[in-house]
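All remarks here apply to the structure that follows.
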2 protein chains.
Amino acid sequence: MKNEEILNQLSYENIDSMFVFKPENIKYISDFYPSSFAYLIINEEPVLYVNSIDKESAENQSTIETRDIARLSEVKDLLNGNIAIEGSLEFNLLKFLTDDINNLKVSHVFEDCRKTKTKEEISKIRKSISIAQDAITQIDFTSTEKYAAASLEFDMMINGSIKPAFDTIVASGTRSSSPHSEASMNRVETPIVVDWGATYDYYCSDMTRTFIETERQEEIWNIVLEAQKAAIDTIAPGVEIFDVDKAARDVISEYGYGEYFIHSTGHGFGLDIHEAPNVSYNAKGVLEKNMVITAEPGIYIPGEFGVRIEDDVLVGKNSEVLTKNLDKKLEFTL
Amino acid sequence: MKNEEILNQLSYENIDSMFVFKPENIKYISDFYPSSFAYLIINEEPVLYVNSIDKESAENQSTIETRDIARLSEVKDLLNGNIAIEGSLEFNLLKFLTDDINNLKVSHVFEDCRKTKTKEEISKIRKSISIAQDAITQIDFTSTEKYAAASLEFDMMINGSIKPAFDTIVASGTRSSSPHSEASMNRVETPIVVDWGATYDYYCSDMTRTFIETERQEEIWNIVLEAQKAAIDTIAPGVEIFDVDKAARDVISEYGYGEYFIHSTGHGFGLDIHEAPNVSYNAKGVLEKNMVITAEPGIYIPGEFGVRIEDDVLVGKNSEVLTKNLDKKLEFTL
C-alpha cells in the first residue's frame, strides 16, 4: 500500500523514473535496509540494486525485485523521461543520472508519504518506545554520565534495539544547559537530562526525562511540564503545526524564560529520528491523522542548568501519548 | 597545519569559496563536531556557522571563528567567485549556493588531506583502537549475538568511546556467511565473527576477530590469516594499492576460495569509518606515509559459515600493525 502511494504520487508529479539512494527510503519501500552501497530505481515498479555483500540478506528480506548492482555508468540507461531524486546525493553521482542536471526534478514523495504512518509502522514505533521505556528503569547513575548512557544503551540492545536512535544524551549539572551535550566522563550531578531512544526494525523512539533535586530545579521543571501539557493538548488532525509550538512557547514566555527555549517544540520521527513535520514556530501545514511527533519543550539557563521533558504523540481524533507516564516527577538524590 | 594544507590546496585548485557541510569535515577543520544543522564557509579563512543549540559548545570547542547560522537565502552572499562543494548535499540546498549549479566545482580537498593522518590524529586512532581492544576481552558469548554485541559496546563506552564506529557485528554459525550480518537475537554458535570499533574524539577503530571451534573452521581460518599476512607484508609507501588487495586475493584463490572473498581487502579510516583509500582490486594510486588502513580478507561459504580477520595498519617505512595480536587463534567451545 505504501508502494502504491509512492507510485501514484510519482505519476501525479509526472515523474517517469526515480533514483532512490537513502537507506531509510530503500527500507521503506523494500523492507530491506542495505548495509553497503545500494540504490533503488522506480520505473513502473521499484527494483532494488545491491552489491555482493548484501546480496544474500537482500534476497531473503526484500519484498521487491532485487538485482546485482550496475556500474554507475550504466545507471543512466535504467532511467528514462522525467527523472527525480530526493535527499542528499554526491554532486558527481548526479552527473551519472542525466546529461543535464538542470533537468533533474526534486521530489518529496518519500518525505510526504512517510510523515503519516501505517498501522504496521505504528506498531513498530510502539515496540521501539517500549524497549526504550523499559531501559530507563535500569539506568545506573552511580558513576559517570557516560556510564549511565552505556547502561541504558546496553539494556535497549539486549531487548532487541538495533542501535540507539541517536547518541544518548546524559547531561547533568551545568552541562544540562546545552540541549545536545555529549555524555561526559564526569560523575553524574543534578539535574540529569536523559534523552534517548531505541530502534526496532529501524524504527526510532525518542524521549527525554529530567531528574531533579533542588527547589530551583523543580520550579523550572514545573514550567516545562506545563508547557509540554499545553502543547500536547493542542495536538489533533487539522491543527496548524505552528500552533503546537506556540502553545508551549507561550507558557514558557509567560514565566519569563522565552529566550531560554532555544529549539523547536518537536518533530516527526519514524525510520529517521528527525522527519516531517518539524514542529516549529514557522512550520507550514496542519497535523494529519497518524503522524507521530515528539513534544519536547525545554528551558536552558546558561551557566546554571537545563530541563527538557519529551514524549511521543500519535496524532488522531483522540491523540495518544505513546510514551507511558514514566513517573515524570523524578526527584533524585545522588 | 591541516587548515593551511586545505587553504593551499583550494588556492591551487583556483577555488575562491568552499561550502562545507559534512560534520566530519567541519570537525577536521574546527575541532568542533556539530550536533545539529551547521556549515562552514572557507574564503580567506574558514568560518563556522552554528545554530542556537550548538552555540555554547561551539564557542568552547571550535578553534576557528564561530558565528550564528545565516538563513540559507543569505548564504549566497557569503560565497564568491569559483565555489566548491564536496560530498553529499541536498539538490535544493545546492540551489541556495549559486544561481547556476553547473558552475559549482566539486573538490576532493578534504578527502585528499584526510587520507594521510597527522601525529595528533594517529594518536587519537591509537586510543580508539586501545579502547576497542580492551573491550573484546570482556565480551560475553553466553547468551545471544545481540547480548555479546551489547556487552562489547558497553565496555567501549564506559572507557571513553563516544559511540560504536559502526553497528557492531556478531555473526555466528551460518549467519557468519554474510559479511555484514546484523547481530541477532539467536544464541551464539561457532564460528563467531566479531567486527567492531570505538570512536575516540570521533576517531574510529575497526577490527575483526573470528572465534573458531571445528577443524573445518580452522582450515578456512588459516587460509584467511595467510591471505591477511600476505596483504600486510606488501604495505609500504609507494606500493600500488591494488597490489595489497591482490596479495590477499591470490592466496585465497590459490586455495580455491576466490569466489567466496566477496569484498575488498581494506579501506582507510579516521573520522569516517570508510575513507580513502579503498584497498580494492581496481584501486588507483599508491600508498602514502601516514595513511591508516584496514587489512581484512574473508571467506564466506554460503549456507556454511564465514571467517574474516581484520587489523589496522599505519603506513610507513616500517609499516606498523596498530592492533595488537589479540590471541588471534581464538579457539572456542560454548
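In what follows, chains carry the letters A, B, and so on, assigned in the order in which the sequence lines appear, proteins first and then strands, with residues in each chain numbered from 1.
Contacts of A:S177 with chain B are made by both backbone and side-chain atoms, with heavy-atom separations under 4.5 Å. With a 4.5 Å cut-off on non-hydrogen atoms, A:S151 touches chain B through its backbone and its side chain both. In this structure, no portion of B:T144 lies under 4.5 Å from any heavy atom of chain A. Proximity to chain B (any heavy atom under 4.5 Å) is shown, for A:S35, by both the backbone and the side chain. Contact of A:L94 with chain B is made through the side chain alone, with heavy-atom distances under 4.5 Å. There is no contact between A:N51 and chain B, counting heavy-atom distances below 4.5 Å. Residue A:A148: no heavy atom, backbone or side chain, is found under 4.5 Å from chain B. Contact of A:I85 with chain B is made through the side chain alone, with heavy-atom distances under 4.5 Å.
For the pair B:K127 and B:Y200, the cation-pi criterion (under 6.0 Å, within 45° of the ring axis) is fulfilled. In this structure, B:R249 is positioned above the aromatic face of B:F261, its NZ or CZ under 6.0 Å from the six-membered ring centre and within 45° of the axis.
When only modelled atom types and interatomic distance are considered, B:T142 and B:D140 share a side-chain donor-acceptor pair under 3.5 Å.
Your options are A:E56, A:M156, A:M157, and the one with the most heavy-atom pairs under 4.5 Å with chain B is A:M157. Highest contact tally toward chain A, considering only B:T168, B:N159, B:N102, is held by B:N102 [criterion: heavy-atom pairs under 4.5 Å]. Ranked by non-hydrogen atom pairs under 4.5 Å with chain A, the options B:N92, B:I53, B:I262 are led by B:I53. Of the listed residues (B:F21, B:Y202, B:Y33), the greatest number of heavy-atom pairs within a distance under 4.5 Å of chain A belongs to B:Y202. Comparing B:S143, B:S184, B:A183, B:S161 by heavy-atom pairs within less than 4.5 Å of chain A, the highest count is held by B:S161.
Taking the six-membered ring where tryptophan is involved, the planes of B:Y257 and B:Y260 are tilted, since the angle between them lies from 30° to 60°.
To the nearest 0.5 Å, atom CG of residue B:N25 and atom CD of residue B:E86 are 5.5 Å apart.
In terms of the salt bridge (Lys or Arg N to Asp or Glu O under 4.0 Å) criterion, residue partners of B:R175 (sequence neighbours excluded) are, by chain and number, B:E145, B:E189.
For the salt bridge (charged side-chain N to carboxylate O under 4.0 Å, His left out) condition, the pairs that include at least one residue of residues 151-169 of chain A, sequence neighbours left out, are A:K163-B:D167, A:D167-B:K163.
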Verify side-chain hydrogen bond (donor to acceptor under 3.5 Å, both in side chains) between B:H267 and B:D206, making sure each step is shown before the conclusion.
-> CA-CA 10 Å; B:H267 56 86; B:D206 188 4; 3.1 Å; yes

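When all heavy atoms of A:H263 and A:G298 are compared, the closest pair comes out as CE1-N, 4.1 Å.
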